[in-house]
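Here, residue 1 is the first one in the sequence, and each next residue gets the next number.
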Amino acid sequence: LDPKYRAPASVSEIDLSRFQLASAKEEFNRKNYIKAQEILTKLIVEYPHARRIAEAYFLLAESYFLSGQQEKCLDVVYDMMTMFPSEEVT
């Protein structure tokens, strides 16, 4: 392709949040809660305005709860109630 028809890769960032969320769900379903937490935390930091960010927080809270990290779970639930009070997952 002629470079004049191609935008540089650095012009716009590609939103990979949906792929990260799908990957986190796979790890969660496999009961790999720590790995799911890593992926979800990265997603939340990198894409704080993603379309399904509330779902990412919910899955993070669930993974903390199921891995015995109740204090972290409660922190995430509090954040959800503050940031997404009208979301169904809250």
Side-chain angles (χ1 to χ4, degrees):
L1 271 176
D2 189 329
K4 68 182 178 183
Y5 297 113
R6 193 170 159 254
S10 61
V11 169
S12 64
E13 188 175 309
I14 298 172
D15 182 352
L16 300 174
S17 63
R18 65 184 175 153
F19 300 109
Q20 287 181 330
L21 185 58
S23 178
K25 285 181 176 182
E26 284 180 27
E27 295 299 336
F28 182 88
N29 289 333
R30 292 181 185 142
K31 299 185 184 343
N32 293 333
Y33 302 122
I34 302 302
K35 183 66 177 171
Q37 292 162 17
E38 292 170 6
I39 297 167
L40 291 162
T41 300
K42 183 177 179 184
L43 185 160
I44 289 166
V45 169
E46 291 181 356
Y47 304 101
H49 304 291
R51 189 169 155 219
R52 295 171 66 187
I53 196 70
E55 184 179 355
Y57 273 89
F58 174 78
L59 203 55
L60 181 60
E62 284 288 303
S63 68
Y64 280 138
F65 179 79
L66 293 170
S67 65
Q69 300 177 68
Q70 279 70 27
E71 193 67 36
K72 286 185 178 184
C73 173
L74 290 174
D75 289 342
V76 174
V77 169
Y78 177 79
D79 290 344
M80 289 174 62
M81 290 172 30
T82 303
M83 294 186 295
F84 315 111
S86 61
E87 287 286 331
E88 185 177 322
V89 294
T90 302

K.L.:
Run the salt bridge (charged side-chain N to carboxylate O under 4.0 Å, His left out) test on K25 and E55 for me, step by step, so that the C-alpha distance in whole Å, both residues' side-chain angles and the decisive distance to 0.1 Å come before the verdict.
P.N.:
CA-CA 10 Å; K25 285 181 176 182; E55 184 179 355; 2.6 Å; yes
K.L.:
Would Y64 and E71 count as a side chain to side chain contact (heavy atoms under 4.5 Å, CB included) here? Give the steps.
P.N.:
CA-CA 8 Å; Y64 280 138; E71 193 67 36; over 6 Å; no
K.L.:
Just how far is it from atom CG of L40 to atom OG of S23, taken to the nearest 0.5 Å?
P.N.:
9.0 Å
K.L.:
With a 4.5 Å cut-off on side-chain heavy atoms, are E46 and Q20 touching?
P.N.:
yes
K.L.:
Got a second to check how far E27's CD is from L59's CG, nearest 0.5 Å?
P.N.:
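E27 CD to L59 CG: 11.0 Å, rounded to 0.5 Å.
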K.L.:
Working to the nearest 0.5 angstrom, can you tell me the gap between M83 CE and Y78 OH?
P.N.:
10.5 Å
K.L.:
Quick check against the 3.5 Å criterion: does S67 have a side-chain atom that pairs as donor or acceptor with the backbone of Y33?
P.N.:
no
K.L.:
Is T41 reaching over with its side chain to a backbone N or O of E38, donor-acceptor style, under 3.5 angstrom?
P.N.:
no
K.L.:
Hey, is CZ on F84 packed in by over 12 heavy atoms from elsewhere, all under 6.0 Å?
P.N.:
yes
K.L.:
Which heavy atom of Y57 sits nearest a heavy atom of V76, and at what distance?
P.N.:
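For Y57 versus V76, the nearest heavy atoms are O-CG1, 3.3 Å.
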K.L.:
Could you go step by step and tell me if M80 and F58 meet the side chain to side chain contact (heavy atoms under 4.5 Å, CB included) rule?
P.N.:
CA-CA 8 Å; M80 289 174 62; F58 174 78; 3.8 Å; yes
K.L.:
Can you confirm whether more than 12 heavy atoms, excluding those of E88, are under 6.0 Å from its CD atom?
P.N.:
no
K.L.:
With side chain to side chain contact (heavy atoms under 4.5 Å, CB included) as the test, would you mind laying out the steps for L21 and I39 before giving the verdict?
P.N.:
CA-CA 8 Å; L21 185 58; I39 297 167; over 6 Å; no
K.L.:
Of all the heavy-atom pairs spanning A61 and C73, show the shortest one and how long it is.
P.N.:
O-SG, 3.4 Å
K.L.:
Nearest 0.5 Å please: distance from the NZ atom of K31 over to the CG atom of L66.
P.N.:
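Reported to 0.5 Å precision, the distance equals 8.0 Å.
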K.L.:
Is the backbone of S63 close enough, under 3.5 Å, to the side chain of Q37 for a donor and an acceptor to pair up by distance?
P.N.:
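A pair under 3.5 Å: yes.
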K.L.:
Kindly give the heavy-atom pair with the smallest separation between V89 and A54, and that separation in Å.
P.N.:
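Minimum heavy-atom separation between V89 and A54: CG2-O, 3.7 Å.
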K.L.:
Stepwise, does the side chain to side chain contact (heavy atoms under 4.5 Å, CB included) test hold for I53 with L43?
P.N.:
CA-CA 8 Å; I53 196 70; L43 185 160; 3.6 Å; yes
K.L.:
To the nearest 0.5 Å, how far apart are CD1 in I44 and CG in L60?
P.N.:
5.0 Å
